[in-house]
Amino acid sequence: MLRGIRTASSNWLGKIVMAVVMGVLIVSFGIWGIADIFRGFGQSTLAKVGSTEISTEQFRQIYTDRLQQIGRQFGRPLTPDQARAFGFDRQVLQQTIAEAALDEEARRMRLGQSPDETMRAIYNDPNFKGLNGQFEPQRFQAAIRQFGYTEQRYLAEQRRVGLRRQIAGTIGAGIEPPKTLIEALVRYQNEQRSIEYIKLGAAQAGTIDPPSPEALAAYFEDHKAQFRAPEYRKVAFVVATPEEIGKWTEVSDEDAKKIFEQRRNQLGTPEKREVSQIVFPNMEEATAARARLTSTTSFDDLAKERNLNLSDVNLGLVTKSGILDPAVADAAFSLPQGEVSQPVQGRFGVALVKVGKIEPGTTPTYESMAGEIKKQIATERAREKVADLYNKMEDERGGGASLVEAAQKLGLAAVTIDAVDRSGRMPNGQPVANIPNGLDVVSQAFGSDVGVDNEPIQFRGGYAWYDVLGVTPSRDRSLDEVRDQVEAKWREDQIATKLREKATEIVKKVEAGGKLTEEGSALGVKLETADKFRRDASLPGIPESVVSAAFRTAKDGVGQATGAGGDERVVFRVTEITVPPVDLASEEVKKLKDALQRGLTDEQLAQYVNKIENNIGTSINQAAFAQVTGANN
């Protein structure tokens, strides 16, 4: 049951969920579309918004999907602990509640969206377009079926998204960021600073004698948590995606040629012509005008006599299907370049049509398209096979077979990782190499346990199944196990302390009238400079900490900051501060204004949604929320 619900409500459109991961902007995700989550209520309710209930299992599904999406964007899994540290769990909950509140408000206001508008949004969705850029019903059906949607249910989801957009568009209409705010931010962003600086390294820290056994043991006791062995898990997983299965799917030339012939007209580039027309009220005027065309009276002259400008007569460089009037289209695409037609009786009057530049269409050969067509056919066939494998795998697992046994029976390759920690590393400290990029099987495994029948992870249009085969608990290591690591860390801390003391001493001397270049010479380091850099600068050899510290220091002021790693310290002096003038017409300022406008709109919408939630009432089952997000583990 749970697998069916999760499959049905997963939505690849939710990939935009991490466009922003903080602040009130999370409300906007509820406007632009997520999975259908308010169906099939369970007995255990996690939240109630007005008359809408959100079950624990529904929210578990949403939360898991969003963690997977973030993992794919970051290129590595995000663990439940990390998600809570970032506040992501609260953001997903707020987003889900905001969406429910907006849906309730749309019903209260009796908002509607026509079927035509809903279909227009679907037709324009690039995910449903084929090689020729046109909407393909078969691709649409396959895509929504892959994620558990019926056509009727998907249309209903798009209608809800459209209604949310209506509310958001109304709330955000007319919002403009103040000019004073724009100017202040531009000055802040574009402010430039120049510094002179010296770098202190391990050589300037002096001699560091090895620690005594007693000192090393005491240091280890004080920092034992840093050297603790993490929890490891033994995990097995199986991946079945259209991309992977499609690699082994053979497509014959015969099948590919059939598709090529069916789509030949769509695959090519249609002929385009530069078309102009002058429309007359009747045939007599058009015929008389056509007769006047000579070497001294041009088509453009006729247009000027009728007070028509270029935009009135020029249809642009168009395809035949791009001309609304069929009679005009036929005439335009039968004329030689530079010719003017005889009077043409069209829908909107009698027209004289002129053809300018002609761009011939292209008809691709089968040989040039064979590879792409075969790949597309293989992928389509693989999608069907993945769906079949999903059902067979679930049947095998439901019958008591282990993941590895089920994979072997179905001809799939099972991967077993003997030991992996939460960060995806093995006991030797190296990352696990045989996990596909973007598959967050590790974080999912650490949210499960031995013997648990886990839900498959949706991955690249297919599925990944996983089992936790064993757990090695976290433990304190002995000093003998990590003696080299402890001594290296002790030495690093000693160097950092001495460099910080040395840097503080230099700062005091320069503030008292000394020269930074002289202090550097005394220590055997040269004075370097960095000129006119901004807050967001990435300077070679200068870490971000130094840039940030420089912008906290006044002109001629002296400061210090950590360098590259613990064995470097940078001492600097701010030599110049420059604030360039504000150009409100620049592209940079226009982009900033757009970003501010979006932020203000989101904030306005957040306040509006908060008002709705207060009016209709919102309640949250904190125990169920903690269970889903792992806060009670």
Side-chain angles (χ1 to χ4, degrees), residues 4-19 27-40 58 61-62 65-66 69 72 95-96 98-100 102-103 105-107 109-170 172 242-243 259 262-263 265-267 270 319 321-322 324 372-373 376-377 379-384 386-387 458 460-462 605:
I5 295 175
R6 178 165 297 181
T7 300
S9 60
S10 298
N11 189 342
W12 44 264
L13 297 176
K15 290 182 179 180
I16 63 170
V17 70
M18 269 308 286
V27 176
S28 65
F29 299 138
I31 305 301
W32 309 122
I34 62 156
D36 180 10
I37 60 172
F38 304 118
R39 298 287 183 188
Q58 288 164 345
Q61 171 188 315
I62 295 168
D65 288 345
R66 301 301 155 78
Q69 291 161 9
R72 286 191 288 270
Q95 174 191 335
T96 306
E99 290 160 357
L102 286 169
D103 290 343
E105 182 71 353
R107 286 191 288 270
M109 298 172 68
R110 298 184 180 180
L111 296 180
Q113 177 172 285
S114 70
D116 289 344
E117 183 64 28
T118 303
M119 291 305 300
R120 188 177 299 112
I122 292 174
Y123 284 142
N124 290 330
D125 193 321
N127 293 282
F128 305 143
K129 293 182 179 180
L131 293 174
N132 61 345
Q134 300 297 317
F135 175 82
E136 290 188 357
Q138 298 86 352
R139 179 181 290 268
F140 168 71
Q141 292 291 345
I144 65 173
R145 191 187 315 118
Q146 176 70 25
F147 292 96
Y149 280 96
T150 63
E151 182 174 329
Q152 182 178 6
R153 181 166 169 240
Y154 187 79
L155 289 173
E157 165 63 16
Q158 289 303 300
R159 179 179 175 276
R160 282 194 293 276
V161 171
L163 297 180
R164 294 174 196 155
R165 285 175 177 164
Q166 288 186 37
I167 297 174
T170 302
E243 179 184 3
I259 297 297
Q262 291 172 7
R263 301 179 181 177
N265 295 333
Q266 301 172 351
L267 295 174
T319 62
S321 62
L324 296 178
E372 184 64 29
I373 292 174
Q376 189 177 41
I377 294 174
T379 301
E380 291 297 330
R381 291 177 179 176
R383 286 194 181 101
E384 298 177 1
V386 166
Q458 293 195 13
R460 295 179 183 173
L605 183 59

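Please read all numbers here as calculations on a predicted model, not as lab measurements.
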Separation of Leu102 CG from Arg160 CZ (nearest 0.5 Å):
12.5 Å

Does the side chain of Leu163 reach to within under 4.5 Å of the side chain of Ile167, using non-hydrogen atoms?
no

Using a distance-only test with no angle check, is there a side-chain donor-acceptor pair under 3.5 angstrom linking Glu372 and Gln376?
no

Side-chain contact test, heavy atoms from C-beta onward, threshold under 4.5 Å: evaluate it for Arg165 versus Gln113 and give yes or no.
no

Would you compute the distance between atom CZ of Phe128 and atom CD of Gln141 and round it to the nearest 0.5 angstrom?
9.5 Å

Return yes if a side-chain donor-acceptor contact under 3.5 Å exists between Gln158 and Thr118, otherwise no.
no

Non-hydrogen side-chain atoms of Ile62 and Thr96 separated by less than 4.5 Å
yes

What distance do Asn127 atom CG and Phe140 atom CZ have between them, rounded to the nearest 0.5 Å?
11.5 Å

If I take atom CD from residue Glu117 and atom CD from residue Gln166, how far apart are they, to the nearest 0.5 angstrom?
8.5 Å

CG on Leu605 to CZ on Arg164, rounded to 0.5 Å:
11.5 Å

Just verifying a value: how many Å separate Ser114 OG and Arg120 CZ, rounded to the nearest 0.5 Å?
6.5 Å

Taking all non-hydrogen atoms of both residues, which atom of Gly462 and which atom of Pro242 are closest, and how far apart?
N-CD, 3.8 Å

